[in-house]
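When a residue number appears, it is its place in the shown sequence, counting from 1.
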Amino acid sequence: VLAAAQHIVKSLATSKNAADDMIRILSGFDNRLSSITAGLFPSPDLSSSAEPPEISISSAAAFDAAEQLILLWDATPEALVFEAHEEDIAQYLTAVDVAVEHLARGGAGAGRAGVAVQLAMARLEEELRHHMVRHAVPLDPTGLCFSLRRLSLGSFDDLDFDAATPHSVDATPETSRGGPLVSPFDDHAFDPVRPEAVDDLRAIADRMARAGYARELADAYCNIRRDLLDEYLSVLGVERLSIDEVQRVEWKQLNDKMKKWVQGVKTVVRVLLAGERRLCDQVLAVSDELREECFVESTKGCIMQILNFGDAVAVCPRSPEKLSRILDMYEALAEVIPEMKDLCLGSSGDGVISDVQAILDRLGEAVRGTLFEFGKVLQQESSRRAMTAGEIHPMTRYVMNYLRLLVVYSETLDGLLDDDGDESNALERPEDKDQDTEHLEGMTPLGRRLLKLMCYLEANLEDKSKLYEDAALECIFSMNNLLYIVQKVKDSELGKILGDHWVRRRSGKIRQYSKSYLRISWMKTLSYLRDDVHGSGGGSGSGSGSGHSGSRMSIKEKFKNFNLSFEEIYRNQTLWKVPDPQLREELKISISENVIPAYRAFLGRYGSQVDGGKNSGKYIKYTPEDLESQLSDLFEGSPGSANHSRRRT
């Protein structure tokens, strides 16, 4: 074969250039044919005055063969070059090169060369489309197992008036937010086109660009990539929604879409756009300008679809339950902006980056606005329904869990609230100014906002405590709610932000409420056990048979009134609730320490005047042990048995 090829070239080629053209065509069939050049044309003798003949017979022959091959493929449009054998592919590309070169030289055959190049470019454009689609790598959403921060963390929409602290709230910020993002593509990047097809695509792009068809190449490339990126977004669950459509979506559905968006925006940038960047660099290596233009144009639609949803969420009506998701969206977008800047290397990407930054700013404004709205709602919440058992108000649970979740975003919120003084002060009320304001100077922007929200909550609870007609129950309600607040602060990062001083002041208030409760609830009952009414002087006696100045009837009346007062307290306060076991036990101990010794002493001094008489069991109904047993039923939130009497009648 080599000998035959050498004979053909030597017979037809009349110059070194002509031989080179023919050998290039032949080597397209087999690289080994490139070795037949030696000895065909010795170097010209420069001392000779004879010039080698400069004729274009071989160049014309090469173009004729190339033109014939291009026309042959054009006559079979259903066949695809890049699905043929490798030899056929190489032969066709060589023919294209010859036609492009012939056209560049101009001359008499330029018209035919122009037609051949036009036909070849049309085919290569179609081959580019087909090859890129055929070798596209499908996106498997189950493989995109990102460890996204807080996707497992309960958000504000998980907080409801009937629920206690969500389990996720008890996690530390480190565990609840997760560690650094982990992608299954860290070790092996996602390639949107199979690697074995990249060389063919680059071969097509190179020839289209060199032939002056860069615009057609860019249009075809961008259209294909845009369509494929749309399919990828659909797989990821990122929908194309208008602002009106987003605003009409119910919160439960919107919440799901926002969670998908958070995952989607990171996947789009770190997987899809990164893959598109690599593909552009590989396929369009022929031109830096073309590479940058095609990357921006092919990905712009995908990026705008992501941004449109973010914009729609940013302008939605403010409501507190959305804050967690908006913060997630803000942080996700903020995280990927530096990566997007790295991907958009040229100035052509500046507009896209500006659009992304604008949406980030609007999401930040939505965060501030939503937090501001939450403060207004907290101030204006004016439900007139008192908690019948004095238990923790649902608003207290909701707000404290809300604030604890805010701390998870402390770094982001500190940045967003740093210049938010005017809006924050708009919520201030005169009664908010107390000793806590002394510590504002050293607090972070989030800390100052949290302190203000705490003031709103405490003021609201104070208003609600006035709904109780029973002052003792008002104290129980205030104790329960303030203790819950203190516990939530101490058990979370709120404690570090608000400080020990804040906690100590609230703990002191709880002790004051406890003393007030004892005084209000038990002072009257204990007054029946005092003997100062009877005096201490010994009477001269007039046959009454008593060593005390008080009459036996007066003593009976005291026992009777004590019993009635104690039983009324028992009947009411067994229904009251003190959910915290420690506070409940401390209250019972304080009551016992005040009531039992007083009752025991009174019973010891005057019990003998009543005991043994007629209907004595009617007056001395309880032993001290009976009372102590009944006191153990208080604050359990259920009717007591009232069957603890062990006294025999």
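With contacts defined as side-chain heavy-atom distances shorter than 4.5 Å, the pair I306/I359 does not qualify. V578 is not listed as a side-chain neighbour of M479, based on a closest heavy-atom distance of 4.5 Å or more. Using a 4.5 Å heavy-atom cutoff, the side chains of L526 and V595 are in contact. Under the 4.5 Å side-chain criterion, counting only non-hydrogen atoms from C-beta, L236 is not in contact with Q263. Put simply, the side chain of L403 does not reach to within 4.5 Å of the side chain of L457, judged on heavy atoms. A heavy-atom distance below 4.5 Å is not found between the side chains of Y232 and V238. Two residues are said to be in side-chain contact when any heavy atoms from C-beta on lie closer than 4.5 Å; L467 and R385 fail this criterion. The closest side-chain heavy-atom distance from L564 to E568 is not below 4.5 Å.
Note that the CG atom of L417 and the OG1 atom of T444 stand 9.0 Å from one another [nearest 0.5 Å]. Distance check: L634 CG to K577 NZ gives 15.5 Å after rounding to the nearest 0.5 Å. Rounded to the nearest 0.5 Å, atoms CD1 (I326) and OG1 (T370) are 4.0 Å apart. Separating the OG atom in S592 from the CD atom in Q630 is a distance of 11.5 Å, to the nearest 0.5 Å.
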(request) Run the numbers on M258 and V313 for side-chain contact (heavy atoms from CB on, under 4.5 Å), then give the verdict. (result) CA-CA 8 Å; M258 292 168 79; V313 169; 3.7 Å; yes
(request) Take E231 and L139, measure what side-chain contact (heavy atoms from CB on, under 4.5 Å) needs, and give me the verdict at the end. (result) CA-CA 9 Å; E231 292 182 16; L139 189 68; over 6 Å; no
(request) List the steps and the verdict of salt bridge (charged side-chain N to carboxylate O under 4.0 Å, His left out) for E335 and R270. (result) CA-CA 11 Å; E335 285 176 17; R270 293 180 173 142; 3.7 Å; yes
(request) Could you give me the CA-CA distance, side-chain angles and deciding distance for L229 and Q305, then say whether side-chain contact (heavy atoms from CB on, under 4.5 Å) is met? (result) CA-CA 11 Å; L229 282 171; Q305 184 172 336; over 6 Å; no
(request) Please step through side-chain contact (heavy atoms from CB on, under 4.5 Å) for the pair E458 and K509, ending with a clear verdict. (result) CA-CA 12 Å; E458 291 181 80; K509 284 186 178 181; 3.9 Å; yes
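The side chain to side chain contact (heavy atoms under 4.5 Å, CB included) check on E373 picks up R318, K376, V377, with sequence neighbours excluded. Residues forming a salt bridge (Lys or Arg N to Asp or Glu O under 4.0 Å) with D361 (at least two apart in sequence, or on another chain): none. Residues satisfying the side-chain hydrogen bond (donor to acceptor under 3.5 Å, both in side chains) criterion with W576, sequence neighbours excluded, are absent altogether. Contacts of I337 classified as side chain to side chain contact (heavy atoms under 4.5 Å, CB included), with partners at least two apart in sequence or in another chain: K341, V356, Q357, L360. Applying the ring-ring contact (aromatic ring centres under 6.0 Å, His included) criterion to F635, with sequence neighbours excluded, gives Y517. With sequence neighbours excluded, no residue satisfies ring-ring contact (aromatic ring centres under 6.0 Å, His included) with Y528. A search for side-chain hydrogen bond (donor to acceptor under 3.5 Å, both in side chains) contacts involving E567 returns K621, Y622, not counting sequence neighbours. For the side-chain hydrogen bond (donor to acceptor under 3.5 Å, both in side chains) test, residues two or more places apart in sequence or in another chain that qualify with N481 are T396. For the side chain to side chain contact (heavy atoms under 4.5 Å, CB included) test, residues two or more places apart in sequence or in another chain that qualify with D244 are S242, R248. Residues meeting the salt bridge (Lys or Arg N to Asp or Glu O under 4.0 Å) test with R240, sequence neighbours left out: D230. By the side-chain hydrogen bond (donor to acceptor under 3.5 Å, both in side chains) test, Q253 is found to be paired with no residue, residues two or more places apart in sequence or in another chain being considered.
Counting all heavy atoms, side chain and backbone alike, P317 lies closest to K322 at O-NZ, 3.1 Å. The two atoms that bring I520 and A472 nearest to each other are CG2-N, 3.8 Å, heavy atoms only. Smallest separation of non-hydrogen atoms from M387 and Y468: O-OH, 2.6 Å. D633 and T574 get closest at one heavy-atom pair: O-CG2, 3.6 Å. Listed here is the closest heavy atom pair of L631 and I596: CD1-CD1, 4.1 Å. The two residues I497 and M443 have their closest heavy-atom pair at O-CE, 3.3 Å.
Between the R368 side chain and the L416 main chain, a donor and an acceptor come within less than 3.5 Å of each other. N480 contributes a side-chain N or O that, together with a main-chain N or O of G390, makes up a donor-acceptor pair within less than 3.5 Å. In this structure, R226 contributes its side chain and E297 its backbone to a donor-acceptor pair below 3.5 Å. No donor-acceptor distance shorter than 3.5 angstrom exists from the side chain of Y599 to the backbone of F562, with no hydrogens or angles considered. Between the N308 side chain and the M304 main chain, a donor and an acceptor come within less than 3.5 Å of each other. A donor-acceptor pair is defined here as one N or O able to donate and one able to accept, closer than 3.5 Å; such a pair exists between the side chain of T299 and the backbone of F295.
Side-chain N/O atoms of K464 and S383 include a donor and acceptor closer than 3.5 Å. A side-chain N or O of D328 and one of Y409 form a donor-acceptor pair less than 3.5 Å apart. S521 and Q573 share a side-chain donor-acceptor pair at under 3.5 Å. Counted by atom type alone, S319 and E321 present one or more donor-acceptor pairs between their side chains at under 3.5 Å.
Using a 4.0 Å cut-off between a side-chain N of Lys or Arg and a carboxylate O of Asp or Glu, E365 and R362 do not qualify as a salt bridge. Salt-bridge formation is detected for the pair E493/K496: a Lys NZ or Arg NE/NH1/NH2 atom is positioned less than 4.0 Å from an Asp or Glu carboxylate oxygen. Comment: E593 does not engage K588 in a salt bridge, judged by the lack of any side-chain N to carboxylate O separation of less than 4.0 angstrom.
Ring-plane geometry between Y398 and F374 is classed as tilted, the angle between the planes lying from 30 to 60 degrees on a 0 to 90 degree scale.
Remark: Q380 CD is packed, more than 12 non-hydrogen atoms of other residues, nucleotides or ligands lying under 6.0 Å away.
Among pairs with a residue in residues 466-477, those fulfilling salt bridge (charged side-chain N to carboxylate O under 4.0 Å, His left out) read K466-E474, at least two apart in sequence or across chains.
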